[in-house]
Amino acid sequence: MIFLDAAATTPVRREVLEAMWPYLTGEFGNPSSHHTLGEAAANALADARATVARALACRPGEVTFTSGGTEADNLAVKGISLARQAADPRHNRVVISAIEHPAVEESARYLERFHGFAVDVVPVDRYGQVTPEALAEVLRPDTALVSVMYANNEIGTIQPVAALAAVAHLHGIPFHTDAVQAAGWLSLDTKALGVDALSISGHKLGAPKGNGALYLRSRTRIEPLVHGGGQERGRRSGTENVAGAVALAKALTMVSVDEQGRSAAEPLAGRVAGLRDQFIRSVLDLVPGAILTGHPGERLPSIASFCFPGTSGESVLLELERQGVVCSSGSACAAGSDAASPVLLAVGIEAEVAQTAVRFSFDSTVDAAELEEAAAAVGAAVGNVRSLSGR
Ligand code: PLP
């Protein structure tokens, strides 16, 4: 099987499993316990926090461990907006982009339904980018928070996050970015990005599902969503997932990317981007009428996304799986749904064409030979689906 669905999830790396194993077995203490086992767990958690902080170029106290990207997004969007509203009831609008993951979009809609917020959606251009000018147009004195993702999970487009954060700050508004897909490929230097909050998720990076983190710039007020024993500096109660935090830290050290786009482990992003471009060229050559979605250059090394007019994305997926290639029609959350992807509609693709979308996403182990094989399979699969439907 050729697995080209790494944006949905990745297998746990052996080194990550080895790093977390002790905290699932012998060192199983609760970090809040005042005995040796508890202290060992608390130390492991502190080390993991320091490691994550290094990857995010921030202080350990600015890292909150969560149950994943969804929770980190919820905490940022709801928590910061509610804290700003509590401080000043006039702050009752949130700005999100038109292509956010549901974890951000639905958090904003929750604020609208239950807390009297208005949601302002900033449009994207045909490549899926938010321009600083478009963002400036929707900001208002009563905007509590701006949330624009770092890189999109369906089309891979990278946003000019530093420029967007600067626009929000000009108006005194905090800026959150969902970096779940960007992590491992782009620099997560929160200071260079200038963001106030940033979400990451472990299972996209070779850690298990169910762990993530939120960077929150110190002195940013936040209302917790989970109340209880006051763990994570009161921002997220509940006994900490020590093994999960250790796993996230280990996974991040294996994929961290510096300011120049250099990976700690290898020149990863450049190599994979080269393979992605070759794959894109092959697919466009082999499939008449194929459309590349997203930005041609400003895109994640790991995502190649297309529409294949005259097919249905789901039939192409089935056909590809029969040929041993596993990929996705868009986001894993929307897989199996018949509705056209809101992301593709937002970049101006017609609903009928949007239903023909297929996303291929890679991890660091991808190689040229398997992508060549996959491209040939795509050519054959689309040809088969088109001839079956008589187009
Ligand atoms: N944000 C983006 C951009 C994602 O791609 C995902 C997962 O697909 C999430 C958030 C949710 O992360 P998690 O699966 O850890 O809850």
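Any value given below was found using the heavy atoms of this structure, including those in side chains, with hydrogens, waters and symmetry copies removed. Numbering starts at 1 and runs along the sequence shown. Note that ligands are numbered from 1 as they come in the structure, with each ligand's atoms numbered from 1 the same way.
For ligand 1, the polar-atom distance check finds an N/O of G69 within less than 3.5 Å of one of the ligand's N/O atoms.
Listed by number with element, the atoms of ligand 1 under 4.0 angstrom from any heavy atom of D73 are 1 (N), 10 (C). Contact atoms of ligand 1 toward S201: 13 (P), 15 (O) (distance under 4.0 Å to a heavy atom of the residue). The ligand atoms of ligand 1 that sit less than 4.0 angstrom from a heavy atom of G68 are 15 (O). Those atoms of ligand 1 that come under 4.0 Å of a heavy atom in M149, given as number and element, are 3 (C). Taking every non-hydrogen atom of T70 and a distance limit under 4.0 Å, the qualifying atoms of ligand 1 come out as 11 (C), 12 (O), 13 (P), 16 (O). For ligand 1 and H203, the ligand atoms under 4.0 Å from any heavy atom of the residue are 13 (P), 14 (O), 15 (O).
A donor-acceptor contact closer than 3.5 angstrom is absent between the side chains of R236 and T64.
Between the choices E154, H101, K204, the shortest heavy-atom distance to atom 9 (C) of ligand 1 belongs to H101.
Between the side chain of E240 and the main chain of Q231, no donor-acceptor pair closer than 3.5 Å is present.
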Given R359 and D5, is the salt bridge (charged side-chain N to carboxylate O under 4.0 Å, His left out) satisfied, shown in steps? CA-CA 8 Å; R359 174 191 74 184; D5 201 15; 3.1 Å; yes

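The CD atom of E370 sits 10.0 Å away from the CZ atom of F279 when rounded to the nearest 0.5 Å.
No salt bridge links E106 with R109; every basic N to acidic carboxylate O contact stays at or beyond 4.0 Å.
For F117 and H91, the gap between ring centers reaches or exceeds 6.0 Å.
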